Amino acid sequence: MGNAIKKIGVLTSGGDAPGMNAAIRAIVRTCSYHDVMCVGIFRGFQGLVEGDFEVLGPRDVNYIINKGGTILKTARCNEFKTPEGRRAAYENLKKAEIDALIIIGGDGSFTGGMFLSKEYDIPIMGIPGTIDNDIHGTSHTIGFDTALNTVVDAVDKIRDTASSHKRLFFVEVMGRDAGHIALNAGIGAGAEEILIPEENMGMERLLESLKKSKKSGKSSSIVIVAEGERLGKNVFELGEYVEENLPEYEVRVSVLGHMQRGGAPSCFDRVLASRLSVKAVETLLEGKRNYMVGLINDQVALTPLTKAVKGHAPIDQELLRVSDIITI
Ligand code: ADP
């Protein structure tokens, strides 16, 4: 591939997600395959502003495909939100002779990258890495599938104790703005109710539904609640409210928290990370820039970054219907 790009920088930014290491590995090796140098940038944009760089070769990324987290570390960097911070980042890129940048992260990180690209004419590529699956231009983000498996595994265990004690469990899962984890894991774990920010069920309907569920012979129940659920109560207040209004239920609350971000990536996430990363490097080498690589209808596809950061990743209405039907 004839092109001007001889050195590509890669960083992970924003929230970490399982599968980011598989992406780093694939980027480093695709660069090597095409005879291009790859530079790892540590701690996201913070490392870019500080010049915390290290050249990576194919053997530097041995044994990381199976590891959660990110070997490059990640960070949130306020300095990068300022023109001075981005100037420092650009100076470091220039000094290291890095011609293009691959950003593995969420839409905040892509927005930061677009500023840099606009101000200093640096070609960038985005790879969606977040457990929330809330990025337009891809059916799956890297880390989502692993997080779903983690949640389903945890809820299976909670169900064992819930059914032994005939309890109602409210289980809070991650997803401040999007209910993708709650909806998918809720269906997979057989939850009786799924509360997501996109669908405000209302307290009355929740109580009615739980009453109905009890009447129909269910002795224990699991309600999956997305962090960003908009009933106006946090998960503990929700539990108290239901216990006050439905004394027939013994309520418990479990917040899964950061365990949802960790763990070995699933095979799906490893394969996804590998596919998107090969495409990201090769797209840059073809002379294209400022795209996000994603999966659309099971095919690797490019979406302009401007569209990826503006668009929404709506909740799948078919999944909502499936959930309504099978929780009867
Ligand atoms: P995510 O990429 O997971 O959405 P954040 O929204 O926290 O995570 O963004 C990660 C980093 O990207 C921020 O700490 C900041 O350095 C950079 N960033 C986010 N938004 C902007 C912006 N509007 N301008 C410049 N940089 C930004």
Side-chain angles (χ1 to χ4, degrees), residues 9-21 23-24 27 41-53 68-70 72-93 101-122 124-138 140-147 173-181 197 226-228 257-258 260-262 265 269 272-273 276-277 280 290-294 303-313:
V10 55
L11 59 81
T12 48
S13 172
D16 64 306
M20 282 182 162
N21 280 328
I24 295 165
I27 288 166
I41 297 157
F42 290 86
R43 295 174 294 123
F45 293 128
Q46 194 65 46
L48 196 56
V49 170
E50 293 173 15
D52 192 1
F53 300 171
T70 156
L72 290 177
K73 315 290 182 198
T74 180
R76 295 204 156 86
C77 172
N78 284 331
E79 238 179 309
F80 196 75
K81 290 187 174 172
T82 67
E84 298 75 30
R86 291 194 294 275
R87 165 147 288 274
Y90 168 68
E91 295 296 343
N92 287 326
L93 285 172
L101 192 60
I102 298 180
I103 296 165
I104 308 167
D107 55 358
S109 304
F110 298 159
T111 303
M114 278 161 51
F115 273 111
L116 186 74
S117 178
K118 214 165 130 191
E119 290 164 355
Y120 297 105
D121 198 29
I122 300 276
I124 61 167
M125 288 293 296
I127 298 184
T130 161
I131 63 167
D132 292 334
N133 209 39
D134 56 352
I135 298 186
H136 176 76
T138 189
H140 292 76
T141 55
I142 296 168
F144 177 55
D145 182 67
T146 305
V173 302
M174 280 187 167
R176 253 196 291 274
D177 304 309
H180 298 283
I181 293 181
E227 260 177 324
H258 284 80
Q260 293 164 87
R261 287 194 185 281
D269 275 330
L272 175 67
L276 299 188
S277 299
N290 302 354
Y291 285 99
M292 184 192 82
V293 285
T303 300
L305 271 172
T306 43
K307 277 197 182 156
V309 298
K310 278 204 196 111
H312 292 286

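We count ligands from 1, going down the list as the structure has it; atoms in each ligand are counted the same way. The structure displayed is predicted, hence computed values, not measured ones. In what follows, every heavy atom counts, from backbone to side chain, and hydrogens, waters and symmetry copies are set aside.
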Sidechain-backbone polar pair: Asp132 side chain, His180 backbone, donor-acceptor under 3.5 Å = no
Judging by distance only, is a nitrogen or oxygen of Cys77 under 3.5 angstrom from one on ligand 1?
-> yes
Between Asn78 and ligand 1, is there a nitrogen or oxygen pair with a distance under 3.5 Å?
-> no
Looking only at protein heavy atoms, what sits closest to atom 4 (O) of ligand 1 is Gly108 N, 3.0 Å
Starting from atom 8 (O) of ligand 1, locate the nearest protein heavy atom and write down its residue, its atom name and how far away it is, to 0.1 Å.
-> Gly14 CA, 3.5 Å
The closest protein heavy-atom partner of atom 7 (O) of ligand 1 is Arg76 NE, 2.5 Å
Numbering the atoms of ligand 1 from 1, which are under 4.0 Å from a heavy atom of Gly15?
-> 3 (O)
Under 3.5 Å: donor-acceptor pair, side chain of Gln46, backbone of Ala75 | no
Which residue and heavy atom of the protein sit nearest atom 26 (N) of ligand 1, plus the separation | Gly112 CA, 3.3 Å
For the side chain of Gln260 and the backbone of Gly257, is there at least one donor-acceptor N/O pair under 3.5 Å apart?
-> yes
For Arg76 and Gly14, indicate whether the former's side chain and the latter's backbone hold a donor-acceptor pair under 3.5 Å.
-> no
Which of the atoms in ligand 1, numbered in the order shown and given with their element, are less than 4.0 Å from a heavy-atom of Ser13?
-> 10 (C), 11 (C)
May I have the step-by-step check of side chain to side chain contact (heavy atoms under 4.5 Å, CB included) for Val49 and Asn92, ending in yes or no?
-> CA-CA 7 Å; Val49 170; Asn92 287 326; 5.5 Å; no
So, Ser277 side chain and Ala23 main chain: donor-acceptor pair closer than 3.5 Å or not?
-> yes
Gly106 neighbourhood, listing ligand 1 atoms whose heavy-atom distance to it stays under 4.0 Å = 1 (P), 2 (O), 3 (O), 4 (O)
Below 3.5 angstrom, do we get any N/O pair linking Arg86 and ligand 1?
-> no
Closest approach of any protein heavy atom to atom 2 (O) of ligand 1, naming residue and atom | Ser109 OG, 2.5 Å
Which one holds for Thr111 and ligand 1: side chain close, backbone close, both close, or neither close, with close meaning a heavy atom under 4.0 Å?
-> side chain
Would you check if the side chain of Asp16 reaches a backbone N or O of Gly69 as a donor-acceptor pair within less than 3.5 Å?
-> no
Going from CD1 on Ile127 to CZ on Phe110, what distance comes out if it is rounded to the nearest 0.5 angstrom?
-> 8.0 Å
With no hydrogens and no angle check, is any side-chain donor or acceptor of Thr141 less than 3.5 Å from a backbone partner on Ile131?
-> no
Mind checking whether Thr130 has a heavy atom under 4.0 Å from ligand 1?
-> no
